[in-house]
Amino acid sequence: MDHTTSEEGPAIRVRGLRKDYGGTTAVDGIDLDIPRGETFALLGPNGAGKSTTIEILEGYRLRTAGEVRVLGEDPARGGLDWKARLGIVLQSATEPGQYTVREQLAHFARLYPDPRDVDEVIAAVGLEATARTRISKLSGGQRRRVDVALGIIGRPELLFLDEPTTGFDPEARREFWRLIRSLKDEGTTILLTTHYLDEAAQLGDRAGVILGGRLVDVAPIDELGGAGARVPLVRWRDPDGTPRELRAERPAELVASIARSLDGEPEGLEVIRPSLEDIYLDLVGAAAADARDEEGALA
Ligand SMILES: Nc1ncnc2c1ncn2[C@@H]1O[C@H](COP(=O)(O)OP(=O)(O)OP(=O)(O)O)[C@@H](O)[C@H]1O
């Protein structure tokens, strides 16, 4: 289904967003635009402010300050028509009720104007074998699939996924990725938080790294951390055992010159291409060091 609507502007527009919980500032001045049709991965360590941000966008939490538009509406005032255009998978799992998987989905499907077919959704999340099982009898990972199914049953224009695959086994995670790609192909805009960097790399068009309530980087997935972050690292040991490492744009040339200078095979040779996880950890480490320097300067 084509989700293009006559509305102008991005799916999500955030300016100067702030959220204080008593004396704690959880979100500290975020600016972000997410165009329609994009899959955006919000990354950051525990307590960084991801869920708070996403819950404000969903209309679940009120902001302290800033401007927010989600599908053209202020989430603090969004009505039922607006809510029906969103799909939400919260971080905390569904309360297991009396109902079977199929009953629960059929019930929720009736709340939306143009729901997906219940059996199609059950198949998409791989719950055919447990469709007639009470949710309370499912495993943690199976319940999480029910959460995802409930998030997409209403054919949302914008889907929020807060750590959707926590508790999934590797095969289920791959099935879930296929499902998300098919939603993406239909034009669904997706905002995802995850601690699995491979998931962000697989699904995200762009990612943002949030730390201490601030966005410290926003970029296309394969440009996160800047060009320098992707330069391969060559490691080896000198004949006396001293560990050596150098970054090299052209690692083959460097390895050849090391081999020539040693007149043989370098000990412990490794050429490492930084993964998204390495780049993310470097970014978070560098931003935490900057924050400590700032605090030190103010003290
Ligand atoms: N209801 C609340 N009352 C008070 N403080 C809160 C509340 N919810 C979150 N916080 C605080 O706000 C900060 C951001 O929390 P948030 O849940 O948004 O982080 P997160 O990035 O989603 O973390 P995680 O990866 O662990 O889910 C944390 O310091 C947290 O302790």
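Note that ligands are numbered from 1 as they come in the structure, with each ligand's atoms numbered from 1 the same way. A quick note: this is a predicted structure, and the numbers were derived from the prediction, not measured.
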Check your understanding: Is a side-chain donor or acceptor of T52 paired with a backbone partner of G49 at a separation under 3.5 angstrom?
Key ->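 Not at all, since once roles are kept as given, no pair shorter than 3.5 Å links the two residues.
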
Review point. Is K50 reaching over with its side chain to a backbone N or O of P45, donor-acceptor style, under 3.5 angstrom?
Key: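 Yes, because the side chain of K50 sits within donor-acceptor range (under 3.5 Å) of the backbone of P45.
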
Provide the number and element of each atom of ligand 1 under 4.0 Å from a heavy atom of [X].
X    : result
E163 : 25 (O), 27 (O)
A48  : 19 (O), 20 (P), 21 (O)
H195 : 25 (O)
A26  : 12 (O), 13 (C), 14 (C)

Check your understanding: Short N/O distance, under 3.5 Å, between G49 and ligand 1?
Key ->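 Yes; at least one N/O pair falls below 3.5 Å.
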
Check your understanding: Does any N or O atom in T52 lie less than 3.5 angstrom from one in ligand 1, N or O only?
Key ->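 Yes, at least one N or O pair falls under 3.5 Å.
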
Specify the protein heavy atom at minimum distance from [atom]: its residue, its atom name, and the distance to 0.1 Å.
atom                    : answer
atom 9 (C) of ligand 1  : Y21 CE1, 3.4 Å
atom 27 (O) of ligand 1 : Q91 NE2, 3.0 Å
atom 25 (O) of ligand 1 : K50 NZ, 2.8 Å
atom 26 (O) of ligand 1 : N46 ND2, 2.9 Å

**Study point:** For atom 22 (O) of ligand 1, the option (of S51, G212, G47) bearing the nearest heavy atom
**Key:**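 Checking each option, the heavy atom nearest atom 22 (O) of ligand 1 is found in S51.
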
Exercise for review: Consider ligand 1: state whether an atom of it lies below 4.0 angstrom from any non-hydrogen atom of G213.
Suggested key: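 Flag not set, G213 not near ligand 1.
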
Review point. Quick one: does atom 1 (N) of ligand 1 have a protein heavy atom under 4.0 Å from it?
Key: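 So far as the 4.0 Å threshold goes, atom 1 (N) of ligand 1 is in reach of a protein heavy atom.
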
Review point. Is atom 30 (C) of ligand 1 less than 4.0 angstrom from some protein heavy atom?
Key: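 It does not; no protein heavy atom is within 4.0 Å.
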
**Study point:** With T165, the side chain to side chain donor-acceptor pair (under 3.5 Å) member among H195, R174, R173, E175
**Key:**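 Running side chain to side chain donor-acceptor pair (under 3.5 Å) over H195, R174, R173, E175 with T165 returns exactly one hit, R173.
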
Is [Y] paired with [X] through a side-chain N to carboxylate O contact shorter than 4.0 Å?
X    : Y    : answer
R15  : E67  : no
R206 : D33  : no
D205 : K184 : yes
E73  : R85  : no

Check your understanding: Which class fits the ring pair H107 and Y99: parallel under 30°, tilted 30 to 60°, perpendicular over 60°?
Key ->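 Parallel, since the angle between the ring planes stays under 30°.
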
Check your understanding: More than 12 non-hydrogen atoms from neighbouring residues, nucleotides or ligands closer than 6.0 Å to CZ on R230, yes or no?
Key ->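 Yes.
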
